[in-house]
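What follows is a set of notes on a single structure, which appears directly below.
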Amino acid sequence: MTDIPVITIDGPSGAGKGTIARELASELCFHLLDSGAVYRAAALHALDCGADLDTESSVMSALVSMKATFIPDVDGVQVWLNERNVTYDIRRETTGNAASKVAVMPLVRESVLDEQRSFRTSPGLVADGRDMGTVVFPDATLKVFLSASVEVRAERRAKQLKDKGIDVTMGSLLQEIGARDERDSSREHSPLVAAHDALIIDSSDLSIKQVVARIRSALPQACMAG
Ligand SMILES: Nc1ncnc2c1ncn2[C@@H]1O[C@H](COP(=O)(O)OP(=O)(O)O)[C@@H](O)[C@H]1O
Ligand SMILES: Nc1ccn([C@@H]2O[C@H](COP(=O)(O)OP(=O)(O)O)[C@@H](O)[C@H]2O)c(=O)n1
C-alpha cells in the first residue's frame, strides 16, 4: 500500500473516461494510465502474430514477443509496439473489439497487472478503464463510474472516429459497442461493474466541463493541493 493518490474512472466505451481522465490529470499535474490502450496494444500484437483470439494459450504465446511502450503526450498516450507507432491503429473499433476478447482471459489480465500498478508514482495518478477501482487500485482515493446511454456513446464515438478520418456507420458502431458492453460486463474476471464506493455519473446530458466539475467537487482537499 502507498499514500500516492489515485483517481479511477471506470465505465463503458464512449462514456468519456479518457477525455475526463486527461483533463483531470492535466489540472492536477498527475500521471495518466489509459489501461484500455494496454489491452488494445496486446490485442493488436496478438492479431499481428496471427494468434487465435478465442484461445488463451495462443494469445499468451504471442504476448511473449510483445514490447509495448506508452509515452504520454498532449492527446493522451502514444503507443509503440516493438518499433512501430500504433497510436492510430489501436483506436479502430475492430481493435477495441479484439481488446475486449483478450481482456476476458485471466492470464492476459494478470500479465498486465504489475505494469498498470507501476504507473502509481508521485504526485498522483488518474487511471481509466473497466476495473481500475475494483481490482487494480481498490484503495483509490476517489472512484468514479462514468456512464451514458448507448445511443449517446455511439454518437460521440462516431464523431470522434470521423474527426480522425476513420469511417464508421452508426449501425455497426451501435452493434459493436453493444457487443463490447455485454462481453465486458458479463465476463468472470474483472467485469465492468461500479465499485460499491464509486461516485456514479451519467454523462448523457452533461458537458465535459460539468463532468469534470462534479469530480473535482468530490475530490479530497489533499488531492487539489497536489
Ligand atoms: N460529456 C461529454 N459530452 C460530449 N462529448 C463528450 C463528453 N465526454 C466525452 N465526449 C466525447 O466523446 C468521445 C469519446 O470520449 P472518450 O473519452 O474517448 O470515451 P471513453 O474513453 O470512455 O471510451 C470523445 O470525442 C470526447 O470528446
Ligand atoms: N481496465 C480495462 C481497460 C480496458 N479493458 C478492455 O479493453 C477494451 C478497450 O478499452 P478502452 O478503454 O480503450 O475502450 P473505450 O472505452 O475507449 O472504447 C474494453 O472493451 C475492455 O474489454 C479491460 O478489460 N479493462
Side-chain angles (χ1 to χ4, degrees), residues 8-21 34-60 62-63 76 79 86-112 116 128-136 144-195 198 200-204:
T8 57
I9 306 180
D10 290 307
S13 182
K17 304 178 300 293
T19 308
I20 303 298
D34 173 358
S35 64
V38 176
Y39 288 98
R40 285 171 182 263
L44 188 61
H45 183 73
L47 281 173
D48 287 348
C49 293
D52 171 6
L53 292 200
D54 293 316
T55 308
E56 189 171 39
S57 56
S58 175
V59 173
M60 286 307 289
L63 295 191
V79 183
V86 294
T87 310
Y88 177 88
D89 291 345
I90 61 159
R91 294 300 159 196
R92 294 180 188 282
E93 274 308 295
T94 45
T95 317
N97 206 24
S100 131
K101 284 189 173 176
V102 305
V104 168
M105 300 167 174
L107 290 178
V108 172
R109 302 200 73 87
E110 204 184 300
S111 73
V112 296
Q116 295 179 103
D128 91 83
R130 301 292 186 287
D131 62 341
M132 296 294 100
T134 49
V135 175
V136 182
V144 177
F145 190 84
L146 187 61
S147 67
S149 73
V150 68
E151 291 79 12
V152 167
R153 292 188 282 122
E155 270 168 30
R156 286 179 185 167
R157 182 65 88 222
K159 183 173 179 307
Q160 185 185 32
L161 291 174
K162 210 169 152 211
D163 289 348
K164 286 185 180 167
I166 302 176
D167 246 353
V168 281
T169 64
M170 271 304 278
S172 66
L173 208 48
L174 267 172
Q175 205 219 330
E176 274 174 359
I177 288 182
R180 202 131 70 84
D181 282 357
E182 169 62 23
R183 195 183 299 120
D184 290 349
S185 308
S186 62
R187 70 184 174 218
E188 191 181 342
H189 296 274
S190 308
L192 168 64
V193 62
I200 296 178
I201 301 178
D202 182 334
S203 76
S204 304

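Count residues from 1 along the sequence.
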**Message:** Can you list everything that forms a side-chain hydrogen bond (donor to acceptor under 3.5 Å, both in side chains) with Q160? Sequence neighbours excluded, please.
**Reply:** R157
**Message:** Just verifying a value: how many Å separate E151 CD and I177 CD1, rounded to the nearest 0.5 Å?
**Reply:** 10.0 Å
**Prompt:** Do R183 and S100 have side-chain N/O donor and acceptor atoms under 3.5 Å apart?
**Reply:** yes
**Item:** Any residue meeting side-chain contact (heavy atoms from CB on, under 4.5 Å) with T55, in chain and number order, not counting sequence neighbours
**Value:** D52, S57, S58
**Message:** I want to check something: taking the side chain as every heavy atom from C-beta on, are K17 and V144 in contact at a cut-off of under 4.5 Å?
**Reply:** no
**Message:** Can you give me the closest heavy-atom contact between A154 and L174, atom names plus distance?
**Reply:** CB-CD2, 3.8 Å
**Fill in**
Sorted by chain and number, sequence neighbours left out, side-chain contact (heavy atoms from CB on, under 4.5 Å) with A62 holds for A46, C49, A51
**Message:** Can you list everything that forms a side-chain contact (heavy atoms from CB on, under 4.5 Å) with L107? Sequence neighbours excluded, please.
**Reply:** E56, M60, E110
**Request:** Check side-chain contact (heavy atoms from CB on, under 4.5 Å) between S35 and all other residues, then give those that pass, not counting sequence neighbours.
**Result:** L33, Q116, M132
**Request:** Starting at CG of D128, measure out to CG of D10 and round the result to the nearest 0.5 Å.
**Result:** 8.0 Å
**Backbone N/O of A148 and side chain of R153: donor-acceptor pair under 3.5 Å** = yes
**Item:** Residue list, salt bridge (charged side-chain N to carboxylate O under 4.0 Å, His left out) with D184, at least two apart or on another chain
**Value:** R130, R187
**Item:** Pairs meeting criterion salt bridge (charged side-chain N to carboxylate O under 4.0 Å, His left out) with involvement of residues 164-177, two or more places apart
**Value:** none
**Prompt:** Of I20, I200, D202, which is the lone residue that meets side chain to side chain contact (heavy atoms under 4.5 Å, CB included) with L146?
**Reply:** I20
**Item:** With sequence neighbours excluded, residues passing side-chain hydrogen bond (donor to acceptor under 3.5 Å, both in side chains) with S185
**Value:** none
**Item:** Summary of salt bridge (charged side-chain N to carboxylate O under 4.0 Å, His left out) pairs that have at least one residue in residues 95-109, sequence neighbours excluded
**Value:** R109-D131
**Complete:** Heavy atoms of S190 and V135 approach each other most closely as OG-CG2, 3.6 Å
**Item:** Distance-minimising heavy-atom pair for V102 and Y39
**Value:** CG2-O, 4.1 Å
**Complete:** Value for OG (S147) from CG (D181), rounded to nearest 0.5 Å, stands at 10.0 Å
**Message:** Using side-chain heavy atoms (C-beta onward) and a distance below 4.5 Å, is M170 in contact with E155?
**Reply:** yes
**Asked** Which heavy atom in A98 sits nearest to a heavy atom in L47, and how many Å separate them?
**Response** CB-CD1, 3.9 Å
**Asked** Is there a side-chain contact between K162 and V168 (heavy atoms, below 4.5 Å)?
**Response** no
**Complete:** side-chain hydrogen bond (donor to acceptor under 3.5 Å, both in side chains) filter on D54, not counting sequence neighbours, yields none
**Item:** side-chain hydrogen bond (donor to acceptor under 3.5 Å, both in side chains) involving D34 - partner list, sequence neighbours excluded
**Value:** R91
**Item:** Between R156 and S203, a side-chain donor and acceptor under 3.5 Å
**Value:** yes
**Request:** Could you tell me whether the side chain of T95 and the main chain of D89 form a donor-acceptor pair under 3.5 Å?
**Result:** yes
